[in-house]
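Please read the structure below before turning to the comments.
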Amino acid sequence: MTEDELVEAIRAIPGLLPPVSPEVIEEVERVIGYSLPPLLRRLYIEAANGGFGPRDGVLGVAGSEYKHHFEVADIIDSYNSEREDWPGMLWLFDWGCGIWSVMDLRDPAGPMWIWDPNIGEDESTLTPQNMTLAEWLAESLSGNLEKAFQTSNLIAISRRRASFDACLDELEYCPPECLADDEIIAAISELPDLPPTASASAVIEAERTIGSPLPPLLRRLYLEVANGGFGPGRGILGVPTGGAYRSREITFYHKIWNARPDPYVPPGLVWLHNWGTAIWSLVDCRDLAGPMWIWDPMGPYLRPDRLGLEEGIRVDRSVLTPQNMTLAEWLTECLRGSFAENFRPSNLRALAERRTGRATSKRAT
């Protein structure tokens, strides 16, 4: 979206506070010692005194009646509370649990940063979001920033935006011949450090919770090989066994994101693998072959010169898009090294394009 489009879209949001005068903004800039990025300045003057953005919106300027935060009244209060240690950084939006979206006032584009004091001791509490204010607001208006935050976290979103996606014509890829189910089971059985298998009762209970039978291959893997832990990275999620962490169980995410009043995905789609970059792989239990799907709220992220301007380059901005692989094909890719350490999950969309027409199902309704 252009800045004009952002201003118009935010101005049209009902219930926002009236905008402020340029003189109020000038006083704010005098107090904090930095000019506000032009877009934020325009929004305060032309659209509203805060309240726009994710959820309840960003803080307003002095004089705002907007009750965003019980400790911070406005951006001056926010800036003064952090100014000594972080000059030029403005705490703009509170996600809860001590996590904030912070804006760099030293750059007119308003780069966004993540403040997260909950991360490990060896990591910085202030991390680049790899988004400008304009990008952050555009993703907020679409609802995709909230979906990405709910299904991952801000650090994962930052990783997603760390580099541009590959386009179809840039991807070197030749699909391997799909292994038979017995071959996949035999190959995964040879992997080291797998967890124990799941019991039949645990699998049945997971299916009851999900409301669909698991694809036969996935069911066999849980019962005959391991209760998750195989696949890319830390591997796929397992079924509840009573001893596993809930965050490693497929039913945990089903209860959070599928059983809500406005489910993120259609019934029968199961959250199977978290790539750690605000991207998930899901399996469709409505089809015995287990077609795989990509959950990618923050994608695609293409170079500006590749945004569909060249003939033959199609940009699919769907949050949920078919991977054009069955579960067997996806696991074959894993076993053949397609998803090795140097693989970028942001390229899953391009990979799906290369496989168009190969998978057995594309329904998601």
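What you see below is based on every heavy atom in this structure, not just the backbone, and it leaves out hydrogens, waters and symmetry mates.
- Contact check for Trp115 versus Trp91: side-chain heavy atoms found under the 4.5 Å cut-off.
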Check the pair Glu146, Trp95 against side chain to side chain contact (heavy atoms under 4.5 Å, CB included), reporting the backbone distance first and the verdict last. CA-CA 10 Å; Glu146 177 70 17; Trp95 291 93; 3.6 Å; yes

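- Heavy-atom neighbours of Arg11 CZ from other residues, nucleotides or ligands within 6.0 Å: above the threshold of 12.
- Here the side chain of Thr321 pairs no donor or acceptor atom with the backbone of Ser318 at under 3.5 angstrom.
- Comment: Asp296 engages Arg349 in a salt bridge, judged by a side-chain N to carboxylate O separation of less than 4.0 angstrom.
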* To do: Please lay out, stage by stage, how Ile184 and Thr332 fare under the test side chain to side chain contact (heavy atoms under 4.5 Å, CB included).
  => CA-CA 7 Å; Ile184 292 172; Thr332 298; 4.0 Å; yes

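- At distances below 3.5 Å, at least one donor-acceptor pair connects side-chain atoms of Ser199 with backbone N or O atoms of Ala202.
- Classification of the Phe339-Phe343 ring pair by plane angle, with boundaries at 30° and 60°, yields tilted.
- Look at Arg336 and Glu333 and you find no salt bridge, because none of the NZ, NE, NH1 or NH2 atoms lies under 4.0 Å from a carboxylate O.
- A donor-acceptor pair is defined here as one N or O able to donate and one able to accept, closer than 3.5 Å; such a pair exists between the side chain of Asn258 and the backbone of Leu269.
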TODO: With salt bridge (charged side-chain N to carboxylate O under 4.0 Å, His left out) as the test, would you mind laying out the steps for Arg41 and Glu46 before giving the verdict?
DONE: CA-CA 8 Å; Arg41 202 176 200 276; Glu46 300 178 32; over 6 Å; no

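- Put simply, the side chain of Glu5 gets close to the backbone of Thr2: a donor and an acceptor are under 3.5 Å apart.
- You'll find the side chain of Ile25 reaches within 4.5 Å of the side chain of Val20, heavy atoms only.
- In this structure, the side chain of Ser140 engages the main chain of Trp136 through a donor-acceptor pair within 3.5 Å.
- Side-chain contact between Ile45 and Val24 is absent, with no heavy-atom pair separated by less than 4.5 Å.
- Met1 is connected to Met103 through a chain of hydrophobic side-chain contacts under 4.5 Å among Ile, Leu, Val, Met, Phe, Trp and Tyr, so both are in one cluster.
- Although no hydrogens or angles enter the test, the distance criterion places no donor-acceptor pair under 3.5 Å between the side chain of Asn227 and the main chain of Pro195.
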Q | Intermediate values then yes/no, side-chain hydrogen bond (donor to acceptor under 3.5 Å, both in side chains), Trp293 and Ser281 | A | CA-CA 6 Å; Trp293 288 77; Ser281 285; over 6 Å; no

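- Hydrophobic clustering, with ILVMFWY side chains joined whenever heavy atoms are under 4.5 angstrom apart, keeps Leu221 apart from Leu288.
- The residues Arg55 and Asp94 are annotated as not salt-bridged, no charged nitrogen and carboxylate oxygen being separated by less than 4.0 angstrom.
- Taking the side chain as every heavy atom from C-beta outward, Leu6 and Leu39 approach each other to under 4.5 Å.
- For the pair Arg161 and Tyr301, the cation-pi test (distance below 6.0 Å, angle within 45°) is passed.
- For the pair Arg260 and Tyr264, the cation-pi criterion (under 6.0 Å, within 45° of the ring axis) is fulfilled.
- No donor-acceptor pair closer than 3.5 Å links the side chain of Asp116 to the backbone N or O of Ile99.
- The closest donor-acceptor contact from the side chain of Arg159 to the backbone of Gly276 lies under 3.5 Å.
- Checked by atom type and distance alone, the side chain of His273 never pairs as donor or acceptor with a backbone atom of Gly231 at under 3.5 Å.
- Cluster membership for Leu218 and Phe252, using ILVMFWY side-chain heavy atoms within less than 4.5 angstrom, is shared.
- A distance-only check finds no donor-acceptor pair linking the side chain of Asn274 to the backbone of Ser152 [under 3.5 Å].
- The residue from Thr277, Asn130, Asn153, Thr127 that alone fulfils the side-chain hydrogen bond (donor to acceptor under 3.5 Å, both in side chains) condition with Ser158 is Asn130.
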Could you check Trp295 against Thr151 for side-chain hydrogen bond (donor to acceptor under 3.5 Å, both in side chains), going step by step and ending with a plain yes or no? CA-CA 9 Å; Trp295 171 264; Thr151 56; 3.0 Å; yes

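- In the hydrophobic cluster analysis, where Ile, Leu, Val, Met, Phe, Trp and Tyr join through side-chain heavy atoms closer than 4.5 angstrom, Ile76 is grouped together with Trp100.
- Met89 places a side-chain heavy atom less than 4.5 Å from the side chain of Arg106.
- The neighbour count for Glu23 CD, taken as heavy atoms of other residues, nucleotides or ligands under 6.0 Å away, is above 12.
- Legend: residues meeting side chain to side chain contact (heavy atoms under 4.5 Å, CB included) with Ser346, ordered by chain and number and at least two apart, are Arg160, Asp165, Arg344.
- Note: the hydrophobic cluster containing Ile155 also contains Leu145 (ILVMFWY, side chain heavy atoms under 4.5 Å, direct or indirect links).
- Between Arg30 and Val28, every side-chain heavy-atom pair lies at or beyond the 4.5 Å cut-off.
- Considering only heavy atoms from C-beta on, Leu348 comes within 4.5 Å of Gln323 through its side chain.
- Note: Tyr222 and Phe230 have tilted aromatic rings, judged against thresholds of 30 and 60 degrees for the angle between ring planes.
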message = Assess the residue pair Trp275 and Trp280 against the criterion (side chain to side chain contact (heavy atoms under 4.5 Å, CB included)); give the C-alpha distance rounded to whole Å, side-chain angles, the decisive distance to 0.1 Å, and a yes or no.
response = CA-CA 6 Å; Trp275 291 90; Trp280 280 79; 5.5 Å; no

